[in-house]
A.B. asks: 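One structure, as structure tokens, below. Some questions next.
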Amino acid sequence: MVRTRFAPSPTGYLHIGGVRTALFCWLFARRHGGRFVLRIDDTDQQRNVEEALAPILHGLRWLGIDWDEGPEVGGPYGPYYQSQRADRYRAVAERLLADGLAYRDYATPEEIQAERKAVQQLKRPFIYSRRWMAETSQQQARFEAEGRQGVVRLKMPREGRLVVDDLVRGQVEFEWAQEQDHVIQRADGSCLYHLASVVDDHEFQITHVIRAEEHLSNTPRQVFIAQGLGYELPQYAHLPYVAEPGSRNKLSKRKLAKYLKNRDFAQRVEHGRKIAEAIGLKTDPEAFNPVIVDFYEQVGYLPDAIVNYLALLGWSLDDQTEHFTRQELLQSFSMERVNKAPASFDCQKLWAFQEHYMQQVPDDEKIRMVLPYLQKAGLAASQPPGEVEARVARIVRAAGDRIKTAGDVLDYADFFVPDDELPYDEKALQKRLRQPPGAVELLRKFQAQLAAADAYDAETLGKLLHDFVENEGIGIGQIIHAVRVAVTGKAVGFGLFDTLAILGKASCLARIERAIRQV
RNA sequence: GGCCCCGUCGUCUAGCCAGGUUAGGACACAGGCCUUUCAAGCCUGCAGCACGGGUUCAAAUCCCGUCGGGGUCACCA
């Protein structure tokens, strides 16, 4: 039975690279009919764990990455919080001590630091002298009499090699002598990550440790612990990390300002920011940042688009297939086809997936997705009760694939503002109403036609305008743009006849009237 | 600096292990078609094997070296 785990530390946000790792773990487990476990690595957490964990759990659920065991769902190997497993780690540390694989060490951090510096000046790799190592109780007593506090360190081998068989990178070799005597337990008895991680992976019966590449160099010390304890080693798979747009550096939420210099990146952030502002969300980089998964939910992206994009960031099936349903992903994912090199995060490509998946969403589903944005923007209230939904439905149909994220419905806010509050785009007004000679007169005439129309559906209005064009002997462009600007305030939008029909006669007449006064 | 990893269009990638392809696809970009503006759609184009040596009839692919990039070196995870 394959068992994988994703082990986030409660940081308060879900990093895009983190989810990619989680996705691969999830995909791999499910692909092999196994189980996906969520473990919380909070060995060093002072802050409120629940609060810092909530966005992470929420983000995973939003993307449909569900866990078989872990927080909120429990499971046979719990607890799944490392902070609740401290006694197990301590017991294991005792065993390591008893077996001579670890030792108590009484060096102060300053003393270690001094050794390190001295060795560095000789340009030699640092290996701790073990000068404050205490292997007997007499030695311990002596150091403690000096008022020293002991930590527990791993007693790493000083010769030989380790070969790690990595599912992604193949055989990776390490020299044992290069490894440090890492601290596994503090003086206060609390244990550190490496110990905890190895113990839990074993106790949770994790068969495949799938994690980011930055853990590759941690592997020897973990193997040392596992072997010392007689554990069966898991298979390792070290995924390349997700890199910055246009570089090979690790993607970081703190470098947003730098990424904004990338045109594509800036474009997507700007798109999202407008939506977020319209619905009253914070848009500072801590809260609103494309490196954090929340961003996409807030703007109204589709989980499927993100999952598909992320799956292809470091993995591919072949030279052709781009679009995968969950089912297809689950059937075709394999570790053999994971790339070794880091992949740059490209939000424009993610956007392309978003467009694609949005086009697949049925209208009624889109309507459901879009409504909350109008409500949060305070636009839904301006309509009589019950009429909002109907109007939204018509807009969604008319806009078609122009609505690329749920938040894009706000591009049609002008359908929800009162006629006498409609804002006009100054440039559009200039170009379509003020500048062209006779534009206002034509508009006036057309307004009269509209007023006389007895049916007010798109088809009738289309015919009406075409007849008008013919009777006046003008080009269609001479009137159509002017009407659009007059009724929506903008130069762009979906089909004009749909626009007029949705607005309704009274609004159209009032808006044209008001537009003429603006000229 | 030590150790480890990585290197195919601007980006994601296929091809590499089992040498022979006009080096394929996608995003982006440019141009065109369609058109009622904007999207969408369709067509076309641009663009890549980090470099240098070998081995071979033949190298993106195998070997060696160089260069470049990155990760990691905590009483963080």
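A, B, ... follow the sequence lines: proteins, then strands. Residue 1 opens every chain.
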A.B. asks: Expressed as a whole number of Å, how far does the C1' atom of A28(B) sit from that of A74(B)?
C.D. replies: 42 Å

A.B. asks: Contact class for Glu175(A) (heavy atom, under 4.0 Å): base, sugar-phosphate, or nothing?
C.D. replies: nothing

A.B. asks: Give the rounded distance in Å between these two atoms: CG of Leu239(A) and P of C4(B).
C.D. replies: 21 Å

A.B. asks: Does Arg186(A) put a side-chain nitrogen or oxygen below 4.0 Å from OP1 or OP2 of C76(B)?
C.D. replies: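 Yes, within the criterion.
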
A.B. asks: So what does Glu173(A) hit on the nucleic acid, given a heavy-atom distance under 4.0 Å: a base, only sugar-phosphate, or nothing?
C.D. replies: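 Sugar-phosphate, no base atom in range.
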
A.B. asks: Expressed as a whole number of Å, how far does the P atom of C75(B) sit from that of A18(B)?
C.D. replies: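 It comes out at 44 Å once rounded to the nearest Å.
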
A.B. asks: With a cut-off of less than 4.0 Å, is there a side-chain N or O of Ser217(A) near OP1 or OP2 of C3(B)?
C.D. replies: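 False: Ser217(A) side-chain N/O out of range (4.0 Å or more) of C3(B) OP1/OP2.
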
A.B. asks: Parallel, tilted or perpendicular: which describes the rings of Tyr128(A) and Phe126(A), with under 30° parallel and over 60° perpendicular?
C.D. replies: tilted

A.B. asks: Give the nucleotide from the list C76(B), G69(B), A74(B) with an atom nearest to the side chain of Asn249(A).
C.D. replies: G69(B)

A.B. asks: Roughly how far apart, to the nearest Å, are U55(B) and C63(B) at atom P?
C.D. replies: 16 Å

A.B. asks: For G24(B) and G32(B), measure between their P atoms and round to the nearest Å.
C.D. replies: 26 Å

A.B. asks: Looking at Asp105(A) and Arg153(A), is any side-chain nitrogen of the basic one under 4.0 Å from a carboxylate oxygen of the acidic one?
C.D. replies: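 The answer is yes: the pair qualifies as a salt bridge.
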
A.B. asks: For U22(B) versus U35(B), give the span between their C1' atoms, rounded off to a whole number of Å.
C.D. replies: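 It works out to 37 Å between them.
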
A.B. asks: Is the terminal nitrogen or CZ of Arg20(A) (NZ for Lys, CZ for Arg) located under 6.0 angstrom from the six-membered ring centre of Phe24(A) and within 45° of that ring's axis?
C.D. replies: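 Pair Arg20(A)/Phe24(A) counts as cation-pi.
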
A.B. asks: Please determine which of Lys258(A), Lys253(A), Lys250(A) meets the salt bridge (Lys or Arg N to Asp or Glu O under 4.0 Å) test together with Glu244(A).
C.D. replies: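 Only match with Glu244(A) under salt bridge (Lys or Arg N to Asp or Glu O under 4.0 Å): Lys258(A).
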
A.B. asks: Taking it one step at a time, do Arg39(A) and Asp41(A) satisfy salt bridge (Lys or Arg N to Asp or Glu O under 4.0 Å)?
C.D. replies: CA-CA 6 Å; Arg39(A) 181 183 80 211; Asp41(A) 282 12; 2.9 Å; yes

A.B. asks: May I have all residue pairs that pass ring-ring contact (aromatic ring centres under 6.0 Å, His included) and include part of residues 468-494 of chain A, sequence neighbours excluded?
C.D. replies: Tyr412(A)-Phe494(A), Phe415(A)-Phe494(A), Phe446(A)-Phe468(A)

A.B. asks: Please state how far atom CG in Asn308(A) lies from atom C1' in C27(B), giving the value in whole angstrom units.
C.D. replies: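 Roughly 13 Å, once rounded to whole Å.
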
A.B. asks: If you measure from the C1' atom in U13(B) to the same atom in G48(B), how many Å do you get, rounded?
C.D. replies: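 Nearest-Å result for U13(B) against G48(B) at atom C1': 12 Å.
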
A.B. asks: Tell me what Glu322(A) touches on the nucleic acid: a base, only sugar-phosphate, or nothing, going by heavy atoms under 4.0 Å.
C.D. replies: base

A.B. asks: Has the side chain of Arg169(A) got a donor or acceptor that lies under 3.5 Å from a partner of the other kind on the base of C5(B)?
C.D. replies: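 No, the side chain and the base share no sub-3.5 Å donor-acceptor pair.
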
A.B. asks: Tell me what Arg116(A) touches on the nucleic acid: a base, only sugar-phosphate, or nothing, going by heavy atoms under 4.0 Å.
C.D. replies: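 Touches sugar-phosphate only.
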
A.B. asks: Could you go through the side chain to side chain contact (heavy atoms under 4.5 Å, CB included) check for Gln82(A) and Asp200(A) one step at a time?
C.D. replies: CA-CA 8 Å; Gln82(A) 290 195 324; Asp200(A) 288 343; 2.9 Å; yes

A.B. asks: Is the shortest side-chain N/O distance from Arg248(A) to OP1 or OP2 of C12(B) below 4.0 Å?
C.D. replies: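 Yes, Arg248(A) has a side-chain N/O under 4.0 Å of OP1/OP2 on C12(B).
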
A.B. asks: Check if the side chain of Lys349(A) and the base of A26(B) share a donor-acceptor pair of N or O atoms closer than 3.5 Å.
C.D. replies: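 Yes, a donor-acceptor pair under 3.5 Å.
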
A.B. asks: Which ring-ring contact (aromatic ring centres under 6.0 Å, His included) pairs, counting each pair once, include a residue from residues 146-193 of chain A, with sequence neighbours left out?
C.D. replies: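 Only His182(A)-His194(A), Tyr193(A)-His215(A) qualify under ring-ring contact (aromatic ring centres under 6.0 Å, His included).
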
A.B. asks: Take atom CD of Glu213(A) and atom P of G7(B), then tell me their distance rounded to the nearest Å.
C.D. replies: 11 Å

A.B. asks: G41(B) C1' sits how many Å from Lys404(A) NZ, rounded?
C.D. replies: 11 Å

A.B. asks: Looking across every strand, which nucleic acid part, if any, lies under 4.0 Å from Val172(A) by heavy atom: base, sugar-phosphate, or nothing?
C.D. replies: sugar-phosphate

A.B. asks: Which residue, Leu192(A) or Phe353(A), contacts RNA chain B at a nucleotide closer to its 5' end, judged by nearest heavy atom?
C.D. replies: Phe353(A)

A.B. asks: Assess whether one donor atom and one acceptor atom, taken from the side chain of Asn218(A) and the base of A77(B), lie less than 3.5 Å apart.
C.D. replies: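 Indeed there is one.
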
A.B. asks: Could you state the atom-to-atom distance from CZ of Arg268(A) to C1' of C27(B) in whole Å?
C.D. replies: 12 Å

A.B. asks: Just to confirm, is there a sub-4.0 Å distance from OP1 or OP2 of U37(B) to any side-chain nitrogen or oxygen of Lys431(A)?
C.D. replies: no

A.B. asks: Using nucleotides 30-36 of chain B, report all nitrogen or oxygen pairs with the protein that are shorter than 3.5 Å.
C.D. replies:
| residue | atom | partner | partner atom | Å |
| --- | --- | --- | --- | --- |
| U36(B) | O2 | Arg484(A) | NH2 | 3.0 |

A.B. asks: Tell me: NE2 of His238(A) to P of C5(B), nearest whole Å?
C.D. replies: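 To the nearest whole Å, that distance equals 12 Å.
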
A.B. asks: Students often get this wrong, so: under 4.0 angstrom with heavy atoms, is Gln185(A) touching a base, only sugar-phosphate, or nothing?
C.D. replies: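 Answer is nothing: Gln185(A) stays at 4.0 Å or more from every strand.
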
A.B. asks: How far does the C1' atom of A23(B) sit from the matching atom of G2(B), given to the nearest Å?
C.D. replies: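 It comes out at 39 Å once rounded to the nearest Å.
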
A.B. asks: How close or far is atom C1' of C4(B) from atom CD of Gln178(A), stated in whole angstroms?
C.D. replies: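 Between C1' of C4(B) and CD of Gln178(A): 10 Å.
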
A.B. asks: So what does Ala341(A) hit on the nucleic acid, given a heavy-atom distance under 4.0 Å: a base, only sugar-phosphate, or nothing?
C.D. replies: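 Sugar-phosphate, no base atom in range.
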
A.B. asks: What orientation do Phe353(A) and Tyr357(A) show, parallel under 30°, tilted 30 to 60°, or perpendicular over 60°?
C.D. replies: parallel

A.B. asks: Any side-chain N or O of Ser316(A) less than 4.0 Å from the OP1 or OP2 oxygen of A14(B)?
C.D. replies: yes

A.B. asks: Both Gln348(A) and Gln180(A) contact RNA chain B. Which one's nearest nucleotide lies toward the 5' end?
C.D. replies: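 Looking at RNA chain B, the more 5' nearest nucleotide goes with Gln348(A).
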
A.B. asks: When the C1' atoms of A14(B) and U21(B) are compared, how many Å lie between them, rounded to an integer?
C.D. replies: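 12 Å, rounded to whole Å.
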
A.B. asks: Quick one: do Glu472(A) and Lys445(A) satisfy salt bridge (Lys or Arg N to Asp or Glu O under 4.0 Å)? Show the steps, please.
C.D. replies: CA-CA 10 Å; Glu472(A) 293 295 322; Lys445(A) 279 190 196 169; 3.1 Å; yes

A.B. asks: With heavy atoms under 4.0 Å as the rule, sort Arg263(A) into base, sugar-phosphate or nothing.
C.D. replies: sugar-phosphate

